[in-house]
Amino acid sequence: MKPLSLILLLVSVIANSSDPSAPQVAIQKYFEYFNAKDIDSLNNASGQPFTLINGGKISKWSKYGDAVDFGGLESSGWAYSRIHQNKLVYQDDTTAMVNINFSRYDSTDALISTSDAICLFVLVQCWVGEL
């Protein structure tokens with residue numbers, strides 16, 4: 001059985017769209033930034049703090065860049081990741097859940113691992129000024 005992770009992402013720019021595909025687009029952008037090892041874009045696309053729940057264990061970092069270990073991934077042979085499934089399973093005015101299946105590959109395109117994850121998006125609105 002493959003482990004299932006719940007990734008909590010607070011995404012303000014893309015999830016703020018009225019487009020129903022926005023959460024799925026956010027996942028695609030996340031993978032683009034991840035494959036490019038673009039920490040700044042990953043931090044800007046993710047809310048703070050960044051929270052990951054994996055097998056019931058909750059981990060929290062001040063920002064996404066503190067959570068990712070590209071050196072460790074590369075030493076395991078990782079070169080890039082690819083999404084196989086990107087399915088919207090729930091969406092309302094403030095939240096969305098996307099079920100993804102993805103694989104990690106090495107530089108010869110050999111499969112390293114395949115995982116399932118459910119990404120939870122929460123729209124956070126900040127008030128500026130007086131109420």
Side-chain angles (χ1 to χ4, degrees):
M1 169 123 354
K2 294 181 262 184
L4 181 66
S5 299
L6 175 63
I7 302 171
L8 300 178
L9 302 171
L10 302 180
V11 180
S12 59
V13 177
I14 298 173
N16 204 6
S17 169
S18 60
D19 179 356
S21 69
Q24 292 167 281
V25 171
I27 295 292
Q28 291 170 341
K29 295 301 284 180
Y30 167 83
F31 272 75
E32 287 174 26
Y33 300 150
F34 194 89
N35 285 334
K37 297 180 245 172
D38 185 345
I39 295 290
D40 290 335
S41 292
L42 287 165
N43 284 338
N44 289 332
S46 300
Q48 282 109 30
F50 179 79
T51 305
L52 173 67
I53 303 170
N54 190 359
K57 180 181 177 221
I58 300 171
S59 301
K60 184 168 73 170
W61 298 268
S62 62
K63 59 186 179 233
Y64 182 82
D66 296 338
V68 67
D69 177 13
F70 285 116
L73 283 169
E74 290 171 333
S75 69
S76 74
W78 174 84
Y80 67 96
S81 298
R82 179 180 301 146
I83 299 171
H84 304 296
Q85 175 185 304
N86 183 354
K87 181 180 176 187
L88 181 68
V89 293
Y90 177 81
Q91 185 172 22
D92 62 27
D93 291 342
T94 58
T95 60
M97 293 179 75
V98 178
N99 184 0
I100 63 170
N101 174 272
F102 67 96
S103 294
R104 293 183 172 142
Y105 295 89
D106 70 13
S107 60
T108 67
D109 299 324
L111 178 67
I112 295 173
S113 67
T114 299
S115 300
D116 292 302
I118 296 176
C119 300
L120 173 64
F121 294 85
V122 179
L123 177 62
V124 177
Q125 296 179 348
C126 298
W127 293 95
V128 178
E130 295 181 30
L131 293 177

Quick one: side chain to side chain contact (heavy atoms under 4.5 Å, CB included) partners of A36, sequence neighbours excluded? D38
Separation between SG of C119 and CD1 of I27, rounded to the nearest 0.5 Å: 3.5 Å
Which residues pass the side-chain hydrogen bond (donor to acceptor under 3.5 Å, both in side chains) test with K87, sequence neighbours left out? none
Flag the pair F70 / I39 as yes when at least one side-chain heavy-atom distance between them is below 4.5 Å, and no otherwise. yes
Might you point out which heavy atoms bring P49 and W61 nearest each other, and give the distance in Å? CB-O, 3.1 Å
Can you see which heavy atom on S107 is nearest to which on A79, and at what distance? N-CB, 3.5 Å
Report yes if the side chains of N101 and I83 come closer than 4.5 Å at any heavy-atom pair, otherwise no. no
Does any part of the side chain of I100, heavy atoms only, come nearer than 4.5 Å to the side chain of Q85, both counted from C-beta? no
Of all residues at least two apart in sequence or in a different chain, which pass the side-chain hydrogen bond (donor to acceptor under 3.5 Å, both in side chains) check with N35? none
On a heavy-atom basis, which atom in V89 and which in V98 lie closest, and how many Å separate them? CG2-N, 4.3 Å
Checking D109 now: which residues fulfil side-chain hydrogen bond (donor to acceptor under 3.5 Å, both in side chains) with it, not counting sequence neighbours? Y80
With sequence neighbours left out, write down each residue that passes side chain to side chain contact (heavy atoms under 4.5 Å, CB included) with I112, or none if nothing qualifies. W78, R104, D106
Quick one: do the Y64 and Y30 side chains pair a donor with an acceptor below 3.5 Å? yes
Report yes or no: does S76 contribute a side-chain atom to a donor-acceptor pair with the main-chain N or O of L73 at less than 3.5 Å? yes
Minimum heavy-atom distance N43-G65, with the two atoms named: OD1-N, 2.6 Å
Can you sort out the partners of D92 under side chain to side chain contact (heavy atoms under 4.5 Å, CB included), two or more places apart, ordered by chain and number? Y90, T94, T95
Minimum heavy-atom distance L88-M97, with the two atoms named: CD1-O, 3.6 Å
Quick one: CD on Q24 to CZ on F121, what's the gap to the nearest 0.5 Å? 9.0 Å
Can you confirm if the aromatic rings of F102 and F34 lie within a centre distance of less than 6.0 Å? no
Would you give the length of the straight line joining atom OG1 of T51 to atom CD1 of I58, rounded to the nearest 0.5 angstrom? 8.0 Å
Please answer whether the main-chain N or O of K63 pairs with a side-chain N or O of Q48 as donor and acceptor at a distance below 3.5 Å. no
In this structure, NE2 of H84 is separated from OG of S115 (nearest 0.5 Å) by 9.5 Å
Taken to the nearest 0.5 Å, the spacing of K60 NZ from I53 CD1 works out to 11.5 Å
